[in-house]
Asks: 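My structure is below; once you've seen it, I'll send some questions.
It should be emphasised that the depicted structure is a prediction, and the values quoted were computed from it without experimental measurement. Scope of the values below: all heavy atoms of this structure, side chains included, with no hydrogens, waters or symmetry mates. Just so it is clear: chains get the letters A, B, ... in the order the sequence lines come, proteins before strands, and each one is counted from 1.
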Amino acid sequence: MNTEFKPFFLWKHLNKLRWVMLSIVFLMLVYLPFAHVYQTFVASFSYDLLDPSEKELYDLIQMLTSPFVDDPAEGLDAIKGNTWAGNFFGYKISDPLAVLGQIAAGMTVYWPFFLTGLIPIVLTIFFGRFFCGWICPATFLYELNTISSLWLQRFGIKVGNRRFDRRLKYLVLAVGVGVSAITGSVLISMIYPPAIIGREIYFGIALGGFGAGLVFFVLTLLFDLLVARRGFCRYMCPGGALYALLGRFRLFRIKRIVENCNDCAKCNAVCEFGLDPLRDDFGQECNNCTACIAICPTDALTFKVKITDDVNQGPGHLGKAYQRLKP
Amino acid sequence: MQKRDFLKKMIMLASSFGVASIPYVVARILAPGEIYNYSNHLRPPGALVDDKEFVKACIGCGLCGEICPPKCILFDKRSGGNAVNTPYINPETKACILCNKCMEVCPTEALIEVPREEVKMGLAQIDRSACYPWVDRGVCGACVAICPLGKKAIAFEFADMYRPYIKEEGCVGCGMCVEICPHPSLPIRIVEPGKGVITQHTV
């Protein structure tokens, strides 16, 4: 192997960092409703009136948060919300899709709300569809779903792996904007998995009882399992479509080092979004999840800073096809 | 032949639009519409007065509910049609304490920060045929004692001790009196501002 083209060693471990990120986001979404329930107990001074199980919860959250906040009723308000719209130490951050949906529904731009979506938009312009791979709480469950489908396959149960046209999700986004404008409500949030997950976890824990969104989410899980692997993200998700469009000319891209590649096609097999790293075809759908970098046995994938993908560089120089081509 | 290709393309486009609208149809079927009684379906304080405008502005993030100290803000989880996932308050179970936190945290214009006196969630209305002091079934005064706006919104009738009446210009419709009222038939209701009238009937 030519050491001259060796990628930076940390890129191989980014996939682990990504799983840590996804787990943290998901755990935060589970923790925040419990923290809110604890806050309501604190605000009502009702410790003596609580059930034993509620007292356990009270003690647990108090143990977790007391090193950081003095007054839980006020101090724990610093971090609130979910990935759809959140409040982070006084800064409000919203999903760009929420901004788009609200603009479509209200037919006007409310600038303070538009500004809350600015940080994700700027990050998306630089990193592409990174939200889908690194933050989205639904991705966490969808990837676990993929893993469970592999287990099902091992036990001989057939799972679906159909392929459709990836452009369908842009149509879903367009229909969503149209539907929001016609009905005058942000209906996109009803079919957008991260928004559903954030809401439903709160409903389930704090308000007691899941909503309709959970049924929809389970349907998408079944769709992924029985029809197409990661099908909802690939072909249906309106948020993914918006991020892909915003990240069309993203700066940070994964690049194949053709000198190190041996055409093993593991990257194609592992890619959750069904892209074609083996032929340098990442495109706007790539979410920089770095799963392909982590699995590459010959360190042939790395990052680069450029707004376009390479054209197909041909067979990898370590592969048999290249050896045959060589004079 | 070209005509046929064009027709084929149009059919493909229409069918793909149909496929693209499937998720919305499914999600909409899961949340059927429902007509609510205004008195147990108040919007949070600071909400846009026109409910249609409110639904347009609300993105259904649930932040207002997540920050509410008494956990009074509920959500249309499984119903509501187009207004699904929008917040509401049912003062009969838990009423708003006017802490202004939900207005501060709302990212959109659905809830706008307004001072406590200018909140307009509704208008309390006392049914004098059920209220204990009004029907001479003893003394009470719970609603007057609990009112967060004090003497500006609710007071006892002059020389009629413990018989409460609502002051239309001061009441913001938070519903604390509804929650606290000991009478099982809930003689206090919140009516829509501008549409309801304070009952003038005497017993």
Asks: Answer with side chain, backbone, both or neither: which region of F164(A) has an atom nearer than 4.5 Å to a non-hydrogen atom of chain B?
Replies: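 No part of F164(A) comes within 4.5 Å of chain B.
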Asks: Quick one: of A195(A), A98(A), G81(A), who has the most non-hydrogen atom pairs under 4.5 Å with chain B?
Replies: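 Heavy-atom pairs under 4.5 Å are most numerous for G81(A).
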Asks: Name the member of E53(B), K56(B), K101(B) that forms the most heavy-atom pairs with chain A at distances under 4.5 Å.
Replies: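 Option with the greatest count: K56(B).
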Asks: Under the 3.5 angstrom rule, does the side chain of R78(B) hit a backbone N or O of F210(A) as a donor-acceptor pair?
Replies: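 A pair under 3.5 Å: yes.
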Asks: Is I67(B) in contact with chain A via its backbone, its side chain, both, or neither, using a 4.5 Å heavy-atom distance?
Replies: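 Both backbone and side chain.
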Asks: Give, for atom CD of Q39(A) and atom NZ of K71(B), the distance between the pair rounded to the nearest 0.5 Å.
Replies: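 One gets 11.5 Å once the value is rounded to the nearest 0.5 Å.
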Asks: Less than 4.5 Å to any heavy atom of chain B: does that hold for the side chain of A85(A), its backbone, both, or neither?
Replies: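 Contact with chain B: backbone and side chain both.
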Asks: Using the six-membered ring wherever Trp is involved, compare the ring planes of Y202(A) and F75(B) and label them parallel, tilted or perpendicular (cut-offs 30° and 60°).
Replies: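 Plane angle over 60°, so perpendicular.
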Asks: If I take atom CG from residue N82(A) and atom CD from residue E66(B), how far apart are they, to the nearest 0.5 angstrom?
Replies: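 Rounded to the nearest 0.5 Å, the CG-CD separation comes out at 6.5 Å.
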Asks: I'd like to verify something: which residue of G86(A), A105(A), G90(A), A174(A) has the highest number of heavy-atom pairs under 4.5 Å with chain B?
Replies: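 The residue among G86(A), A105(A), G90(A), A174(A) with the greatest pair count is A105(A).
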Asks: Where does A43(A) contact chain B at under 4.5 Å (heavy atoms): side chain, backbone, both or neither?
Replies: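 Side chain only.
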Asks: At a heavy-atom separation under 4.5 Å, does V84(B) approach chain A through its side chain, its backbone, both, or neither?
Replies: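 Contact with chain A is through the side chain of V84(B) alone.
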Asks: Could you have a look at L207(A), L214(A), D95(A) and say which one has the most heavy-atom pairs with chain B under 4.5 angstrom?
Replies: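 Top count of heavy-atom pairs under 4.5 Å with chain B: L207(A).
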Asks: Are side-chain heavy atoms of M12(B) and D165(A) found at a separation under 4.5 Å?
Replies: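 No, side chains not in contact.
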Asks: Inspect the surroundings of CG in D70(A) and state if more than 12 heavy atoms from other residues, nucleotides or ligands are less than 6.0 Å away.
Replies: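 No - once you tally the heavy atoms of other residues, nucleotides and ligands closer than 6.0 Å, there are 12 at most.
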Asks: Answer with side chain, backbone, both or neither: which region of E104(B) has an atom nearer than 4.5 Å to a non-hydrogen atom of chain A?
Replies: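 When you check distances to chain A, only backbone atoms of E104(B) fall under 4.5 Å.
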Asks: Residues of residues 180-192 of chain A under 4.5 Å from chain B (heavy atom pairs)?
Replies: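 The stretch touches chain B at T183(A), G184(A), S185(A), V186(A), L187(A), I188(A), S189(A), M190(A), I191(A).
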Asks: L30(B) and V215(A): which non-hydrogen atoms are nearest, and at how many Å?
Replies: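 Answer, listing the atom of L30(B) first, then V215(A): CD2-CG1, 3.7 Å.
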Asks: Under 4.5 Å from any heavy atom of chain B, what part of K80(A) do you find: side chain, backbone, both or neither?
Replies: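 When you check distances to chain B, atoms from both the backbone and side chain of K80(A) fall under 4.5 Å.
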Asks: So do N85(B) and F203(A) actually touch side chain to side chain, heavy atoms under 4.5 Å?
Replies: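 SC-SC contact between F203(A) and N85(B) confirmed.
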Asks: Report which part of T40(A) has an atom under 4.5 Å of a heavy atom belonging to chain B: side chain, backbone, both, or neither.
Replies: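 For T40(A), the contact with chain B is made by backbone and side chain together.
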Asks: Tell me the closest heavy-atom pair linking T108(B) and Y110(A), and the distance in Å.
Replies: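 For T108(B) versus Y110(A), the nearest heavy atoms are C-CE2, 3.6 Å.
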Asks: Say you draw a straight line from OH of Y170(A) to OG of S16(B); how long is it, rounded to the nearest 0.5 Å?
Replies: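 Y170(A) atom OH to S16(B) atom OG measures 15.0 Å (nearest 0.5 Å).
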Asks: From K92(A) NZ over to C106(B) SG, what is the distance, rounded to the nearest 0.5 angstrom?
Replies: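 K92(A) NZ to C106(B) SG: 7.0 Å, rounded to 0.5 Å.
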Asks: Would you mind telling me which of C58(B), P70(B), C68(B) has the largest number of heavy-atom pairs within less than 4.5 Å of chain A?
Replies: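 Going by pairs under 4.5 Å, I would pick C68(B).
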Asks: Examine whether an atom of F216(A) lies under 4.5 Å from a heavy atom of chain B, and if so say whether it belongs to the side chain, the backbone or both; otherwise answer neither.
Replies: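 Contact with chain B: backbone and side chain both.
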Asks: Shorter than 4.5 Å, heavy atoms on both sides: which option in G198(A), A104(A), G176(A) has the most such pairs with chain B?
Replies: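 Of G198(A), A104(A), G176(A), G176(A) has the most heavy-atom pairs under 4.5 Å with chain B.
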Asks: Taking NZ in K52(B) as the centre, count heavy atoms belonging to other residues, nucleotides or ligands within less than 6.0 Å. Is the count above 12?
Replies: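 No, not enclosed.
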Asks: Sort out for me which of S21(B), A83(B), G62(B), G60(B) touches chain A most, counting heavy-atom pairs under 4.5 Å.
Replies: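 The answer is G60(B).
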Asks: With only heavy atoms counted, which part of I73(B) is less than 4.5 Å from chain A, the side chain, the backbone, both or neither?
Replies: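 I73(B) touches chain A through backbone heavy atoms alone.
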Asks: For I59(B) versus W84(A), what's the shortest heavy-atom pair and its separation?
Replies: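 Residues I59(B) and W84(A), closest heavy atoms: O-NE1, 2.9 Å.
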Asks: Near K120(B) NZ, under 6.0 Å, is it more than 12 heavy atoms from other residues, nucleotides or ligands?
Replies: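 Yes, enclosed.
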Asks: In terms of heavy-atom pairs under 4.5 Å with chain B, which of E74(A), E200(A), K169(A) leads?
Replies: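 Ranked by contacts with chain B, first place is E74(A).
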Asks: Let me know if T83(A) has heavy atoms under 4.5 Å from chain B in its side chain, its backbone, both or neither.
Replies: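 Neither; nothing under 4.5 Å.
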Asks: Counting only non-hydrogen atoms closer than 4.5 Å, can you tell me which residues of residues 219-236 of chain A sit against chain B?
Replies: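 Within residues 219-236 of chain A, near chain B: L219(A), M236(A).
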